[in-house]
Amino acid sequence: MRYDVVVVGAGIAGPILARNLAKQGFDVLMIDKKAEIGSPKRCAEGLGIGNFKKYDIPLDKRFINREIYGAAIYSPNGHKLELRYNRVSGVILERKIFDKMLAYYAGKAGAEVMAKTEATGLIRSDGKIKGIKARHEGEPLEIHADIIVAADGVESRVARWAGINSFLPPHELDSAYEYEMILEGFEFDPDMIHLYFGNEVAPRGYVWIFPKDDDRANVGIGINGDNPNTAKYYLEKWLKENNIKGSKILEVNVGGVPVGGFLKELTKENVVVVGDAARQVNPMHGGGMAEAMEAATIASKWISRALEEGDLSLLENYTTEWWANDGERLMKVLEIRKISEKLSDDELDAAVQALSGADAEKLAAGDYRQVFKTLIKHPKILLKPKMLKLLREAL
Ligand SMILES: Cc1cc2nc3c(=O)[nH]c(=O)nc-3n(C[C@H](O)[C@H](O)[C@H](O)COP(=O)(O)OP(=O)(O)OC[C@H]3O[C@@H](n4cnc5c(N)ncnc54)[C@H](O)[C@@H]3O)c2cc1C
């Protein structure tokens, strides 16, 4: 088997990249170890509406569970900050269908797709990487390709095989735990996502409710991966404290979210790393689908140029372009996350109350710096010297 490009992983980054390259006429094979692409999923399924147009994905009702009109943020003392829009701001997906449809779009564009095919190593000869070794339905397989794409998620092995330092210490990982459940006896607005903050609620993270029905939702939590207690412990505690019966659980999701920074080297020789495999995740909220789409878009541009011009050194431009744009922006978000995780509950309360005056659009767009500028002037913050100092550091 020989291809221009072999893509390992058919989550989000893999199919976008495979589709873009296949559209341009390159021979692309995308493999995934899952027997059914998209399933099982590990995701709360929230995605900003702008990403569909930006990455040329149809708004297909088959994978859109419901439209969302904003977010409600709850501070430890229960203060509620509502960021409501009079238009759709995002959607809750059915990711099992979404991932499969993204693979379908890649296939329709001309890429070959093989489910139940696991990459097991790299083929090397004459000191060069020539492709990947895989296992398809238990049978060994050799796939030769000019370029290998590691889109194999947070547990990526392909990047490591290529010699990229992808060691992830537990502190740089958030541990996530989620139920899709019927929320009996708990009122929530199903048109909004709901985020609960507090050091006792979710250390370094938050509890989320991403509605899928009036009474059904993805209810999950992310906490620092080196916490002595588990994410499940904190989620169960929160459910109990809110008198939510945990007796109607439809699905359990457990996963790691890389929130401690991004791979410095996004390529090595002819291997290109995208998405969670490169830790391209927003370190503030842990969402990585939009970041995976952006990385796949930049990477596919430079893979196409490298193949057209027969010059693999052009792949390095992917690292340069990603770091100059998303990388720089997300590093600032990481700095701010590191500051916000030091806040006491009292300070979190003050921040959420003060944010009531901030620009909702800017907050939703992740323009944290602008929001901090608003915060710093708020009387509640002015009275808190530690917080004022932290905010000044962030600006
Ligand atoms: C609990 C939880 C909730 C989340 N909620 C959200 C959310 O609401 N919004 C959001 O934007 N992000 C969310 N995320 C993050 C989001 O799921 C990821 O950032 C996103 O899926 C990254 O896409 P990807 O293509 O890089 O990797 P993935 O989607 O993880 O895809 C990687 C694929 O590679 C395959 N694979 C791995 N190894 C091999 C191998 N050796 N051979 C073949 N195939 C292989 C896997 O089977 C998988 O299909 C959440 C994460 C978790 C854990």
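Atoms within a ligand are numbered from 1 in the order they appear, just like the ligands themselves.
- Inclusion of K33 in the set of residues having an N or O under 3.5 Å from an N or O of ligand 1 is warranted.
- A donor-acceptor pair shorter than 3.5 Å cannot be found between the side chains of Y234 and E200.
- Scanning the protein for heavy atoms near atom 34 (O) of ligand 1, the closest one is G9 CA, 3.2 Å.
- Between the side chain of D152 and the backbone N or O of V158, at least one donor-acceptor pair lies under 3.5 Å.
- In this structure, A134 and T117 approach most closely via the heavy-atom pair CB-CG2, 4.1 Å.
- Interface of A44 with ligand 1, defined as ligand atoms under 4.0 Å from a residue heavy atom, comprises 3 (C), 4 (C), 5 (N), 6 (C), 8 (O).
- Of the possible polar contacts, none joining the T319 side chain to the E265 backbone as a donor-acceptor pair under 3.5 Å is found.
- Contacts between Y177 and ligand 1 below 4.0 angstrom, taking non-hydrogen atoms only, are absent altogether.
- For ligand 1 and A151, the ligand atoms under 4.0 Å from any heavy atom of the residue are 32 (C), 33 (C), 34 (O).
- Note: no N/O pair closer than 3.5 Å links C43 and ligand 1 by distance alone.
- The atoms of ligand 1 that sit less than 4.0 Å from any heavy atom of D276 are 18 (C), 19 (O), 22 (C), 26 (O).
- Note on ligand 1: D32 sits in its first shell, one or more heavy atoms being nearer than 4.0 Å.
- Considering backbone and side-chain N/O of N253, none are found under 3.5 Å from N/O of ligand 1.
- Under 3.5 Å, the side chains of Q280 and D326 contain no donor-acceptor pair of N or O atoms.
- The main-chain N or O of S166 is found under 3.5 Å from a side-chain atom of R279 such that the two form a donor-acceptor pair.
- When heavy-atom distances to ligand 1 are checked against a 4.0 Å cut-off, R95 comes that close only through its side chain, counted from C-beta outward.
- When each atom of ligand 1 is checked for a heavy atom of G153 under 4.0 Å away, the hits are 27 (O), 30 (O), 32 (C).
- Here the heavy atom of the protein found nearest to atom 31 (O) of ligand 1 is G11 CA, 3.3 Å.
- At a heavy-atom cutoff of 4.0 Å, ligand 1 is contacted by no atom of V154, backbone or side chain.
- Which parts of ligand 1 touch G46 is read off a 4.0 Å heavy-atom cut-off, strictly below it: atoms 7 (C), 8 (O), 9 (N), 10 (C), 11 (O).
- More than 12 heavy atoms of other shown residues, nucleotides or ligands fall within 6.0 angstrom of atom CZ in F52.
- Which parts of ligand 1 touch R157 is read off a 4.0 Å heavy-atom cut-off, strictly below it: atoms 41 (N).
- In terms of polar-atom proximity, A13 is counted as a contact of ligand 1, with an N or O under 3.5 Å from an N or O of the ligand.
- The distance between the ring centers of Y206 and F197 falls below 6.0 angstrom.
- Closest protein heavy atom to atom 37 (C) of ligand 1: D152 O, 3.3 Å.
- Near V8, meaning under 4.0 Å from any of its heavy atoms, are these atoms of ligand 1: 40 (C), 42 (N), 43 (C).
- The two residues V281 and P258 have their closest heavy-atom pair at CB-O, 3.5 Å.
- By the 3.5 Å distance cut-off applied to N or O atoms, M289 is counted among the residues near ligand 1.
- Exactly one residue among R95, M181, E178 makes a side chain to side chain contact (heavy atoms under 4.5 Å, CB included) with N218. That residue is E178.
- Residues E347 and S344 have side chains that bring a donor and an acceptor to within less than 3.5 angstrom of each other.
- Annotation for P283 and V333: closest pair CD-CG1, 4.0 Å, computed over non-hydrogen atoms.
- Looking at E45 next to ligand 1, an N or O pair under 3.5 Å apart turns up.
- The residue S156 has no part lying near ligand 1, judged by heavy-atom distances below 4.0 Å.
- Contact atoms of ligand 1 toward G275: 26 (O) (distance under 4.0 Å to a heavy atom of the residue).
- Ligand 1 has an N or O atom lying under 3.5 Å from an N or O atom of G288, backbone or side chain.
- Panel note: side chain D345, backbone N199; a donor-acceptor pair is recorded below 3.5 Å.
- When the ring pair (Phe, Tyr, Trp, His ring centres under 6.0 Å) test is applied to F98, the partners found at least two apart in sequence or on another chain are F63.
- In this comparison of A278, G38, A119, the heavy atom closest to atom 41 (N) of ligand 1 sits on A119.
- Assignment of T117 to the shell around ligand 1 is supported, since a heavy atom sits closer than 4.0 Å.
- By the neighbour-count criterion of 12 heavy atoms within 6.0 Å, atom NZ of K116 is sparsely surrounded, having that number or fewer from other residues, nucleotides or ligands.
- Contacts of A176 with ligand 1, taken as heavy-atom pairs under 4.0 Å, involve the side chain alone.
- The nearest heavy-atom contact from the protein to atom 51 (C) of ligand 1 is R42 O, 3.5 Å.
- Between Y179 and Y177, the two ring planes are perpendicular [angle over 60°; tilted spans 30° to 60°].
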